[in-house]
Amino acid sequence: MNFHQYYPVDVVNGPGTRCTLFVAGCVHECPGCYNKSTWRLNSGMPFTQEMEDQIIADLNDTRIPRQGLSLSGGDPLHPQNVPFILKLVQRVRAECEGKDIWVWTGYKLDELNDAQREVVDLINVLIDGKFVQDLKDPMLIWRGSANQVIHKLR
């Protein structure tokens, strides 16, 4: 898996102060997407064990308390990203007590395959659906277009 950006301190992508990772790879290629540079799987930088360890360390850093981890992109649930994202969310669940996990995806909840559902079973919030330019609404919180749904899973 590759990634484009990692913010160890972020107050925009979800509630509270968070760590946010933008991964590479998206099959949806929504017209008007603000993150078009993340569409290609081979773009960005390799997601290494060191980067994964850094995210866990940042989530556990008591000097700057974080509410949780946000995963966006690209698409964290792109089939080639799922094994890496699953490993990461499993570690967050095991090693970062009390942290929530938010995931943004262009897939709809009812379209997910078994591997993608494994990830979703471990997260707190899923924002699903493709970005639709005609439904863009800057007043929406944590989503770009009115068709996208915020699923509070736990």
Side-chain angles (χ1 to χ4, degrees), residues 1-30 33-35 38-39 41 44-62 64-132 135 140-154:
M1 179 174 80
N2 282 4
F3 75 101
H4 275 256
Q5 195 71 264
Y6 171 62
Y7 297 107
V9 179
D10 182 16
V11 295
V12 176
N13 295 288
T17 302
R18 317 182 62 75
C19 297
T20 300
L21 180 70
F22 290 90
V23 302
C26 185
V27 298
H28 308 292
E29 300 186 359
C30 303
C33 174
Y34 79 97
N35 233 351
T38 65
W39 289 358
L41 273 171
M45 303 161 279
F47 184 75
T48 62
Q49 185 63 51
E50 291 75 24
M51 178 54 65
E52 182 181 301
D53 293 343
Q54 184 64 56
I55 292 169
I56 299 299
D58 290 339
L59 285 168
N60 287 323
D61 182 356
T62 57
I64 305 173
R66 275 76 158 201
Q67 182 171 328
L69 174 65
S70 293
L71 300 168
S72 191
D75 196 328
L77 296 184
H78 185 291
Q80 291 186 41
N81 291 337
V82 167
F84 300 92
I85 295 297
L86 179 60
K87 181 175 179 261
L88 176 59
V89 299
Q90 287 171 331
R91 278 194 71 191
V92 172
R93 282 278 162 255
E95 299 176 35
C96 305
E97 188 177 345
K99 305 301 180 187
D100 63 23
I101 303 170
W102 286 47
V103 173
W104 280 258
T105 183
Y107 297 98
K108 297 289 291 169
L109 185 57
D110 63 0
E111 297 173 339
L112 300 179
N113 65 33
D114 290 343
Q116 292 166 324
R117 286 187 180 278
E118 258 191 280
V119 171
V120 171
D121 286 346
L122 295 171
I123 67 172
N124 300 83
V125 176
L126 179 75
I127 295 91
D128 77 351
K130 297 176 185 178
F131 172 76
V132 177
L135 299 176
L140 295 170
I141 188 164
W142 299 317
R143 54 200 175 117
S145 58
N147 62 297
Q148 295 171 313
V149 177
I150 300 172
H151 299 275
K152 294 178 180 173
L153 306 170
R154 61 187 44 79

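Just so it is clear, the structure is predicted and the values come from calculations on it, not from any experiment.
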Can you name the residues that form a side chain to side chain donor-acceptor pair (under 3.5 Å) with [X], not counting sequence neighbours?
| X | value |
| --- | --- |
| Tyr107 | none |
| Asp75 | His28, Thr105 |
| Glu118 | none |
| Asp61 | Arg63 |

**OP:** Test Asp58 against Val9 for side-chain contact (heavy atoms from CB on, under 4.5 Å), laying out the working first.
**Re:** CA-CA 9 Å; Asp58 290 339; Val9 179; over 6 Å; no
Looking at [atom1] of [X] and [atom2] of [Y], how far apart are the two atoms once the value is rounded to the nearest 0.5 Å?
| X | Y | atom1 | atom2 | answer |
| --- | --- | --- | --- | --- |
| Cys19 | Arg66 | SG | CZ | 4.5 Å |
| Asn35 | Ser72 | CG | OG | 6.5 Å |
| Phe22 | His4 | CZ | NE2 | 11.0 Å |
| Met51 | Phe3 | CE | CZ | 3.5 Å |
| Met45 | Met1 | CE | CE | 11.0 Å |
| Leu21 | Ile55 | CG | CD1 | 4.5 Å |

Original post:
Are the side chain of Ser70 and the backbone of Asn13 linked by a donor-acceptor contact shorter than 3.5 Å?
Top reply: yes
**OP:** Could you tell me whether the side chain of Gln116 and the main chain of Leu77 form a donor-acceptor pair under 3.5 Å?
**Re:** yes
**OP:** Taking the side chain as every heavy atom from C-beta outward, state whether Leu88 and Phe47 have any atom pair closer than 4.5 Å.
**Re:** yes
Original post:
Do Val23 and Pro76 come within less than 4.5 Å of each other through their side chains, counting heavy atoms only?
Top reply: yes
How close do [X] and [Y] get, counting heavy atoms only, and between which atoms?
| X | Y | result |
| --- | --- | --- |
| Trp142 | Trp104 | O-NE1, 2.8 Å |
| Ala115 | Asn113 | N-OD1, 3.1 Å |
| Thr38 | Gly73 | OG1-C, 3.2 Å |

If the condition is side-chain contact (heavy atoms from CB on, under 4.5 Å), which residues does [X] pass it with, not counting sequence neighbours?
| X | result |
| --- | --- |
| Asn2 | Ala24, Pro46 |
| Leu153 | Val120, Ile123, Leu126, His151 |
| Ser145 | Phe131, Val132, Leu135, Asn147, Gln148 |
| Ile141 | none |

Subject >> Pairs touching residues 141-154 that satisfy salt bridge (Lys or Arg N to Asp or Glu O under 4.0 Å), sequence neighbours left out >> reply: none
Subject >> Residue pairs, two or more places apart or on separate chains, that pass salt bridge (Lys or Arg N to Asp or Glu O under 4.0 Å) and touch residues 81-102 >> reply: Arg18-Asp100, Glu52-Lys87, Glu52-Arg91, Asp53-Arg91, Arg91-Glu95
Subject >> Which residues share a salt bridge (Lys or Arg N to Asp or Glu O under 4.0 Å) with Asp128, sequence neighbours left out >> reply: Lys108
**OP:** Report the C-alpha separation of Val149 and Leu109 in whole Å, then their side-chain angles, then the decisive distance to 0.1 Å, and conclude whether the side-chain contact (heavy atoms from CB on, under 4.5 Å) test is met.
**Re:** CA-CA 9 Å; Val149 177; Leu109 185 57; over 6 Å; no
Subject >> side-chain contact (heavy atoms from CB on, under 4.5 Å) assessment of Leu71 paired with Val119 >> reply: CA-CA 11 Å; Leu71 300 168; Val119 171; 6.0 Å; no
**OP:** Could you please spell out the steps behind the side-chain contact (heavy atoms from CB on, under 4.5 Å) verdict for Thr17 and Asp10?
**Re:** CA-CA 6 Å; Thr17 302; Asp10 182 16; over 6 Å; no
